[in-house]
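Notes follow once the structure below has been shown.
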Amino acid sequence: MSAPRDHGGGIDAAAVKYGGARSDWLDLSTGINPVPYPVGGLSPQVWTELPDVGATERFHSAARAFWSIPDGVGVLAAPGASALIARLPQVLGNTGRAFIAPPTYNEWEAAFRLSGWTAAHSLEGADAAIHVHPNNPDGALAPDANMMPTRFAIYDESFADAVQAPISQVPATSDARVVVLKSFGKFWGLAGVRLGVLIGASELLERMAEALGPWPVSGPALALGARALSNTEWVTSTRDRLVQDSARLDMLLRPYCDTPQGTTLFRLYAFEEAQAVHTHLAKARVWTRVFPYNPHWIRLGLPGSEENWARLEAALESF
């Protein structure tokens, strides 16, 4: 088996190394919204019945309305964006050359490599271009789809729904070359639901549906997703709060670092010794993200509650 790839999370391993119970830790290592969409009650039937056509169609209808998916473009619910990433290189058809500009979410490179694709070091001659938009970990925005000279232009918009400005490439999916992925684990804060969405040409989505198999998404996930996508009031207020909270985090880190990058869900800071900061915070049971390919970077998510903000501030002041 190959070694596990570097990701955020991993509180159980952090507790083994630095001590404390899982409940003692404040996890700032991911870009998950710490104030998630409220789950609320769900019909008992969604827990006991197989998700029928109606449940899927209600979710797809809500997705079309929320993301303004063009007529004639397909939409497909999936058990998380990760499941889509793992299968998409195979579903695209013949292997080829994939351009994935580093640094970015490492599952993309792994998925294409394991499917037999080779790496392209520029867009010239590439068959597929893959962009995390906005990028993880630096928040950079990708070029528009009409600038992609490749057979496929794939946009991972796992963090895009948090952005107030219209940056999504969903309108470009009228071009059959363009594919967009969405996730409910980041902006919506529902990582445990394992719900993702693929938007693109119907033929491509039919092949993906076959690869995923029957009933790929649970009834509760479909019901909750449709409800969340229809709650525009929550979306607006959450985007506003994320802007305020990310600015607050930058102010808190300003004495230590004054050139932040990232999105409103996570912030990336540069330190002379990021690992030392990471270790110090870990000893205070605050878990952050560092990167094996850049010793100066440390990424922090949002604390969420006032109690957690105070914990982070106290841990930083003792550094």
Side-chain angles (χ1 to χ4, degrees), residues 5 7-9 30-33 36-37 39 46 51 55-69 73-92 100 104-112 115 128 130-136 142 152-163 167-170 173 178-202 204-230 235 263 265:
R5 289 177 284 275
H7 292 294
T30 74
I32 297 171
N33 184 352
Y37 182 80
V39 174
V46 303
T56 302
E57 288 183 346
R58 284 189 290 274
F59 174 77
H60 285 172
S61 177
R64 285 191 172 280
F66 182 79
W67 286 304
S68 300
I69 298 174
V73 174
V75 55
L76 177 69
S82 294
L84 293 169
I85 293 170
R87 291 169 175 81
L88 191 54
Q90 305 162 33
V91 171
L92 290 178
I100 308 171
T104 195
Y105 184 57
N106 57 34
E107 290 298 330
W108 279 109
E109 187 274 336
F112 275 87
S115 297
I130 297 89
H131 299 281
V132 180
H133 175 66
N135 191 40
N136 174 13
F152 299 104
I154 301 164
Y155 290 86
D156 179 347
E157 295 192 354
S158 292
F159 292 99
D161 292 326
V163 181
I167 67 165
S168 178
Q169 293 298 309
V170 168
T173 54
V178 182
V179 182
V180 173
L181 285 78
K182 295 287 188 177
S183 169
F184 277 76
K186 310 304 183 186
F187 172 67
W188 309 94
L190 300 174
V193 170
R194 307 314 303 147
L195 178 60
V197 176
L198 186 65
I199 302 168
S202 295
L204 176 70
L205 268 61
E206 287 171 4
R207 296 201 298 271
M208 178 62 79
E210 185 175 354
L212 291 173
W215 310 295
V217 181
S218 71
L222 291 171
L224 184 55
R227 181 190 297 174
L229 290 169
S230 302
V235 169
T263 72
L265 282 168

Report yes if the side chains of P51 and V217 come closer than 4.5 Å at any heavy-atom pair, otherwise no.
no

S82 side, atom OG; R87 side, atom CZ - distance, nearest 0.5 Å
10.5 Å

So do the side chains of D161 and W67 get within less than 4.5 Å of each other, counting heavy atoms only?
yes

G189 versus P36, closest heavy-atom pair with distance
O-CB, 3.4 Å

Would you name the heavy atoms of P79 and L212 that are closest together and state the gap between them?
CD-CD2, 4.1 Å

So CD1 of I32 and CZ of F159: to nearest 0.5 Å the spacing works out to 8.5 Å

Could you check if a side-chain atom of L204 sits within less than 4.5 angstrom of a side-chain atom of F152, using non-hydrogen atoms only?
no

Please test W188 against F66 for ring-ring contact (aromatic ring centres under 6.0 Å, His included), starting from the C-alpha separation and ending with a verdict.
CA-CA 13 Å; W188 309 94; F66 182 79; 5.6 Å; yes

Reported CG-to-CG distance for the pair L76 and L84, which is rounded to 0.5 angstrom:
7.0 Å

Using a 4.5 Å cut-off on heavy atoms from C-beta on, say whether the side chain of V91 contacts that of L205.
no

If you look at every heavy atom in G74 and S202, which pair is closest and at what distance?
N-OG, 3.9 Å

Just by distance, with hydrogens left out, do E157 and S168 show a side-chain donor and acceptor under 3.5 Å apart?
yes

Supply the atom-to-atom distance T263 OG1 to N135 CG, rounded to the nearest 0.5 angstrom.
10.5 Å

Between S115 and F112, is there a donor-acceptor pair closer than 3.5 Å when you use the side chain of the first and the backbone of the second?
no

Looking at every heavy atom in both A63 and I69, which two are closest together, and how far apart are they?
O-CD1, 3.8 Å

State, with a plain yes or no, whether a side-chain heavy atom of V179 is found less than 4.5 Å away from one of L198.
yes

So, do P134 and V163 sit near enough that their side-chain heavy atoms are less than 4.5 Å apart?
yes

Could you pull out the closest heavy-atom pair between A221 and V193, with the gap in Å?
CB-CG1, 3.5 Å

Could you check whether the rings of F184 and F59 sit parallel, tilted or perpendicular, using 30° and 60° as the cut-offs?
tilted

For the residue pair A142 and Y155, what are the closest heavy atoms and their distance?
CB-CE2, 3.8 Å

side-chain contact (heavy atoms from CB on, under 4.5 Å) between I154 and L92, intermediate numbers included:
CA-CA 11 Å; I154 301 164; L92 290 178; 3.8 Å; yes

Checking H133 side chain against I167 main chain: does a donor-acceptor pair fall under 3.5 Å?
yes

Strictly distance-based, threshold 3.5 Å: is any side-chain N or O of R227 a donor or acceptor partner for the main-chain N or O of V39?
yes

Step by step, would you call N33 with L265 a side-chain contact (heavy atoms from CB on, under 4.5 Å)?
CA-CA 6 Å; N33 184 352; L265 282 168; 3.9 Å; yes

In Å and rounded to the nearest 0.5 Å, what is the CD to CD1 distance from Q169 to I199?
11.5 Å

Validation row: L88, L181 side chains within 4.5 angstrom (heavy atoms):
yes

Straight-line distance of W108 CH2 to I100 CD1, nearest 0.5 Å:
8.0 Å

